Amino acid sequence: MTSAAVTAVGDTLNPVDGDRGHPLRGVPSTAAIGGHPIHPMVVPYPIAFLTGAVASDLAARSTEDPFWARMSKWMLGAGIVTGLAAGAVGAVDYFTIKRAREKKTGKLHAYGNPLALGLAGASLFARRGDDDAAPSDTALALSAATAGMVMLTGWAGAELSYRHMVGVIGANDQHDHAEKQLVH
């Protein structure tokens with residue numbers, strides 16, 4: 001049994017966007033290996049590294065152990081490198097899948113992630129010099145801003161996949177000819 005609020009919201013959706021009566025069908029990823037989208041395979045790495053940098057920053061500040069200060073630098077560097085790789089394959093999907101470009105969440109995801117990488121780069125730059133020093137207030141603030149942006153853009157990416165069915169696959173090619181025309 002659905003609530004009146006859920007039914008009312010579901011009834012007002014445009015069928016092209018998907019609702020219970022007209023479910024949205026998936027659009028396959030154009031950056032795929034054997035039909036499996038590459039972007040979701042690689043995004044856990046920059047997400048883990050860039051959000052983990054905040055935890056290691058806090059550990060460096062609270063314990064004054066130089067291990068954590070060095071760990072933060074490595075996490076930021078690894079997050080930037082893996083983020084660039086994830087961004088490269090994500091850009092292929094963004095520029096070849098019309099639905100990804102049409103959605104506000106697609107734009108937030110596509111343009112917010114380079115901002116997150118820029119913040120991570122600024123945080124890493126703010127740490128130049130003594131490898132063993134705890135992060136400065138600026139470096140910590142940039143690291144926290146990076147993690148916040150990554151969480152926001154990660155949410156937007158999940159919206160694209162789970163709500164808007166971008167970059168998904170199904171058994172026996174669930175996509176009809178008209179749906180495949182959306183990918184260009």
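Worth saying up front: this structure is predicted, and the values here are computed from it rather than measured. Below, all heavy atoms of this structure are taken into account, side chains as well, without hydrogens, waters or symmetry copies.
- For residues 134-151, the salt bridge (Lys or Arg N to Asp or Glu O under 4.0 Å) pairs, not counting sequence neighbours, are R61-D137.
- For the pair K107 and Y94, the minimum side-chain heavy-atom distance is below 4.5 Å.
- Take A145 and apply the side-chain contact (heavy atoms from CB on, under 4.5 Å) test, not counting sequence neighbours, and it matches L119.
- Applying the salt bridge (charged side-chain N to carboxylate O under 4.0 Å, His left out) criterion to E64, with sequence neighbours excluded, gives no partner residue.
- Shown here for L115 and M149, the closest heavy-atom pair between the two residues is CD2-CE, 3.3 Å.
- Residue W74 belongs to no hydrophobic cluster, having no ILVMFWY side-chain heavy atom closer than 4.5 Å to its own.
- L58 shares a hydrophobic cluster with V54, L140; the chain of contacts runs through ILVMFWY side chains whose heavy atoms sit under 4.5 Å apart.
- The two residues L117 and G79 come nearest to each other via the heavy atoms CD2-O, 3.9 Å.
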Listing, residues 40-51 side-chain donor-acceptor contacts under 3.5 Å, not counting sequence neighbours, or none:
residue: T51; atom: OG1; partner: I47; partner atom: O; Å: 2.6

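- When side chains are defined from C-beta on, M151 does not count as touching W155, because their heavy atoms never get closer than 4.5 Å.
- Through direct or relayed side-chain contacts under 4.5 Å between Ile, Leu, Val, Met, Phe, Trp and Tyr, F125 connects to no other residue.
- If you chain together hydrophobic residues whose side chains sit under 4.5 Å apart, L160 and I97 fall into the same group.
- With sequence neighbours left out, D131 forms a side-chain contact (heavy atoms from CB on, under 4.5 Å) with R70, K73.
- Side chains of V166 and D93 form no contact here, defined as non-hydrogen atoms less than 4.5 Å apart.
- The main-chain N or O of A86 is found under 3.5 Å from a side-chain atom of H39 such that the two form a donor-acceptor pair.
- Applying the side-chain hydrogen bond (donor to acceptor under 3.5 Å, both in side chains) criterion to S56, with sequence neighbours excluded, gives S72.
- Looking at heavy atoms from C-beta onward, M165 lies out of side-chain contact with V27 at the 4.5 angstrom threshold.
- For residues 139-160, the salt bridge (Lys or Arg N to Asp or Glu O under 4.0 Å) pairs, not counting sequence neighbours, are E159-R163.
- Within the structure, salt bridge (Lys or Arg N to Asp or Glu O under 4.0 Å) pairs that include any residue of residues 113-129 comprise D57-R127 (at least two apart or interchain).
- A pairwise comparison of heavy atoms in A60 and A69 identifies CB-N, 3.6 Å as the closest pair.
- Atom NE2 of H164 is separated from atom CD of E102 by 11.0 Å, given to the nearest 0.5 angstrom.
- Of all non-hydrogen atoms in M75 and A53, the two that sit nearest each other are CE-N, 3.8 Å.
- For the residue pair A139 and P135, the shortest heavy atom distance occurs at CB-CB, 4.0 Å.
- The side-chain hydrogen bond (donor to acceptor under 3.5 Å, both in side chains) pairs that include a residue from residues 144-153 are N113-T153, where partners are two or more places apart or lie in different chains.
- Under a hydrophobic clustering in which Ile, Leu, Val, Met, Phe, Trp and Tyr are joined whenever their side-chain heavy atoms come within less than 4.5 Å, directly or via other members, L124 and L84 fall into the same cluster.
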